[in-house]
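Let me give you the structure first, and then I'll get to my questions.
Both backbone and side-chain heavy atoms feed into the values below; hydrogens, waters and symmetry mates do not. Keep in mind the model is a prediction, meaning the values are calculated, not measured. In this chain, residues are counted from 1 in sequence order.
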Amino acid sequence: MNHFEIREIPGKGRAMIATKNIAADEVIFEEEPFVSKQFSWNVAYGYAACDHCMRPLETVLENVRRLASDPKVEVPLLQHDPTAAWVAQFTQCPRCKVHYCSEDCRMEAHKRYHREGCMGAFRADDTHPINVLNETWKKMHYPPETGSIMLIVRLMALYKQSPKKAEFLEQLQSFQALIVNREQKIYHKMLGENFEQQMEQLYRAFCNAFTGEEFALFTTPDAFKTLMGIMGTNSQGIATSVLSQWVTKVSELPLPDADKAQLDTVIDGLYAKVGEFAGEFLNNEGSGLYLLQSKINHSCVPNACSTFPYSNDIVVMKTLVPIQEGDEICISYLDECMLERSRHSRHKVLRENYIFVCQCPKCRAQASDPDVTSDESEDDDEMDDYEDDDDMN
């Protein structure tokens with residue numbers, strides 16, 4: 001039984017409210033995504049992940065050597081490699097050859113969307129309309145990635161294969177409420193300064209890829225913009241990493257202090273090596289749409305957080321502090337470092353990446369703080385433009 005409910009709050013919109021007291025570090029819910037997909041450039045650069053659940057498909061040694069671009073790097077304690085238990089289960093689609101971490105994932109993908117979404121031999125054909133669409137997107141949206149047109153491609157396969165299309169459309173529409181009056185800013189965020197021209201190019205490529213009558217609902221200009229808006233505002237980032245899993249496992253080993261210190265040195269050395277070549281791009285990265293998780297608002301003083309403890313696309317929502325019955329459950333869309341920065345800095349990132357002005361208790365308490373610090377600046381007109389919108393939080 002869930003201990004929360006979704007309510008409409010006047011002047012704020014949808015919110016998740018606790019219906020009982022919840023202790024700190026307690027699981028609020030677990031959720032599989034409505035749809036998920038690895039980012040396009042992440043795939044292109046060889047980050048190996050299950051095409052269905054995004055579980056890593058590399059051993060820790062393979063992963064480190066690829067990220068460091070050094071086939072001679074060694075990793076100790078390989079008996080604690082998190083992927084080792086899965087390697088024997090790895091499989092692939094017999095037609096298009098996309099990879100899965102297990103037969104369960106392959107069958108689930110086939111049952112839900114891959115029967116219609118499988119491209120067969122055309123997966124390697126650069127002239128196929130879906131590959132043209134993906135390349136069009138990649139030329140507009142370079143790393144660091146925040147979305148992928150291939151998430152929408154998978155949505156189309158889900159829709160075509162769904163036996164309950166009315167229910168599918170109702171669920172998809174539940175994401176739409178958050179994008180009203182924010183479309184232009186969303187497209188600017190994803191596509192940059194030339195977003196109007198690029199949106200037109202992307203729309204034409206999308207229509208060329210989905211010409212069937214069954215897709216007519218989605219191939220009008222307004223419908224396509226809505227799909228892009230849903231992806232831009234509702235998708236949750238997903239990151240999986242066999243290296244970080246391995247580090248977590250070996251760091252918890254009951255080792256003598258001297259061995260623990262030596263292991264820490266080795267770990268630091270490995271991160272230094274992979275950082276020299278791969279920089280900050282260490283993970284399999286993608287995004288997903290989550291029916292429940294998308295209903296949770298941001299706060300700069302969050303009482304919950306999204307976690308991915310299974311190294312796949314299942315999100316586990318956990319409490320950070322005790323939550324009282326009647327309290328709103330909130331997460332942070334910002335990382336820990338950004339949460340410690342000024343109200344001005346936080347607002348700037350939230351406006352540019354999530355298209356809203358935060359009105360959480362922390363931001364209200366800091367409302368009288370200077371708008372510009374010694375190392376920060378902003379256009380006051382831009383601030384006014386965003387604050388004219390309805391606040392999401």
Side-chain angles (χ1 to χ4, degrees), residues 3-29 146 177-182 185-186 188-189 232-237 290 292-307 315-393:
H3 299 297
F4 60 84
E5 62 183 15
I6 308 300
R7 297 179 191 168
E8 288 286 333
I9 298 180
K12 187 170 188 178
R14 296 179 305 194
M16 181 176 287
I17 307 298
T19 56
K20 67 157 232 175
N21 295 342
I22 309 175
D25 200 35
E26 187 171 324
V27 172
I28 304 172
F29 64 83
T146 59
L178 295 180
I179 68 170
V180 176
N181 298 324
R182 293 181 168 86
K185 298 183 182 72
I186 294 165
H188 184 279
K189 165 199 146 185
T233 58
N234 288 272
S235 58
Q236 161 72 46
Y290 295 82
L292 274 179
Q293 190 268 355
S294 66
K295 310 299 189 296
I296 303 179
N297 290 320
H298 163 84
S299 173
C300 296
V301 279
N303 54 18
C305 65
S306 300
T307 66
V315 65
V316 177
M317 191 63 54
K318 298 187 70 174
T319 55
L320 293 171
V321 296
I323 298 176
Q324 302 302 309
E325 179 180 349
D327 286 353
E328 181 178 2
I329 297 170
C330 293
I331 60 176
S332 172
Y333 301 170
L334 305 174
D335 62 31
E336 292 183 11
C337 291
M338 183 54 66
L339 281 178
E340 296 304 315
R341 298 194 68 186
S342 68
R343 173 181 180 270
H344 159 73
S345 294
R346 299 195 308 273
H347 276 207
K348 186 173 186 293
V349 172
L350 290 168
R351 288 197 313 274
E352 291 177 352
N353 292 279
Y354 299 98
I355 328 296
F356 71 92
V357 176
C358 183
Q359 297 292 342
C360 73
K362 183 175 181 178
C363 287
R364 290 198 300 269
Q366 295 175 343
S368 60
D369 289 359
D371 282 344
V372 181
T373 62
S374 58
D375 60 343
E376 299 165 341
S377 63
E378 80 173 324
D379 185 340
D380 290 336
D381 291 338
E382 182 184 10
M383 170 73 86
D384 293 339
D385 179 49
Y386 277 95
E387 290 186 340
D388 284 341
D389 289 338
D390 293 331
D391 295 330
M392 285 174 56
N393 291 282

Query raised in the report: Is the backbone N or O of Tyr333 less than 3.5 Å from a side-chain atom of His298, with the two atoms forming a donor-acceptor pair by type?
Result: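 Here the side-chain-to-backbone pair exists.
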Query raised in the report: Where is the tightest heavy-atom contact between His347 and Cys363, given as atom of each residue plus distance?
Result: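 The pair with the smallest heavy-atom distance is NE2-SG, 3.3 Å.
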Query raised in the report: Between Glu328 and Met16, does a side-chain contact (heavy atoms from CB on, under 4.5 Å) hold up when you go through it step by step?
Result: CA-CA 6 Å; Glu328 181 178 2; Met16 181 176 287; 5.7 Å; no
**Report entry** For Glu26, all residues meeting salt bridge (charged side-chain N to carboxylate O under 4.0 Å, His left out), sequence neighbours excluded
**Finding:** none
Query - Interatomic distance, Gln359 atom CD to Ser299 atom OG [nearest 0.5 angstrom] - result: 11.5 Å
Report summary line: Scanning both residues in full, the closest heavy-atom pair of Thr319 with Ala24 reads OG1-C, 3.2 Å
Requested in this report: Could you list the residues that satisfy salt bridge (charged side-chain N to carboxylate O under 4.0 Å, His left out) with Arg364, not counting sequence neighbours?
Outcome: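 Not a single residue meets the salt bridge (charged side-chain N to carboxylate O under 4.0 Å, His left out) criterion with Arg364.
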Query - Nearest atoms (heavy-atom pairs only) where Leu334 meets Met338 - result: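 Of all heavy-atom pairs spanning Leu334 and Met338, the closest is CD1-CG, 3.8 Å.
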Query - Which residues share a side-chain contact (heavy atoms from CB on, under 4.5 Å) with Glu340, sequence neighbours left out - result: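 Applying side-chain contact (heavy atoms from CB on, under 4.5 Å) to Glu340 gives none.
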Report task. With sequence neighbours left out, write down each residue that passes side-chain hydrogen bond (donor to acceptor under 3.5 Å, both in side chains) with Glu325, or none if nothing qualifies. Result -> none
Query - Side-chain donor/acceptor of Ser306 to backbone N/O of Met317, under 3.5 Å - result: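 Not at all, since once roles are kept as given, no pair shorter than 3.5 Å links the two residues.
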Report summary line: Between Cys330 and Ile296 the two heavy atoms that sit nearest each other are CA-CG2, 3.8 Å
Query - Asn303: which of Leu320, Val321, Ile331, Ile28 passes side chain to side chain contact (heavy atoms under 4.5 Å, CB included) - result: Val321
Query raised in the report: For Tyr290, which residues count as a ring pair (Phe, Tyr, Trp, His ring centres under 6.0 Å) partner, sequence neighbours excluded?
Result: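 With neighbours one apart ignored, the set is empty.
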Query raised in the report: Who are the side-chain contact (heavy atoms from CB on, under 4.5 Å) partners of Ala18, not counting sequence neighbours?
Result: Ile22, Ile323, Ile329
Report task. Locate the shortest heavy-atom distance separating Arg341 from Arg346; write the atom from each residue and the value. Result ->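 Taking Arg341 first and Arg346 second, the nearest heavy atoms are O-NH1, 2.8 Å.
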Requested in this report: Mind checking side-chain contact (heavy atoms from CB on, under 4.5 Å) for Thr307 and listing every partner two or more places apart, or none if nothing turns up?
Outcome: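 Listed in chain order: Cys305, Pro309, Val316, Lys318.
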Query - Closest heavy-atom pair and its distance - Arg343, Gln366 - result: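 Minimum heavy-atom separation between Arg343 and Gln366: CD-O, 3.3 Å.
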Query raised in the report: Can you find a heavy atom in the side chain of Glu8 that is under 4.5 Å from one in the side chain of Arg14?
Result: yes
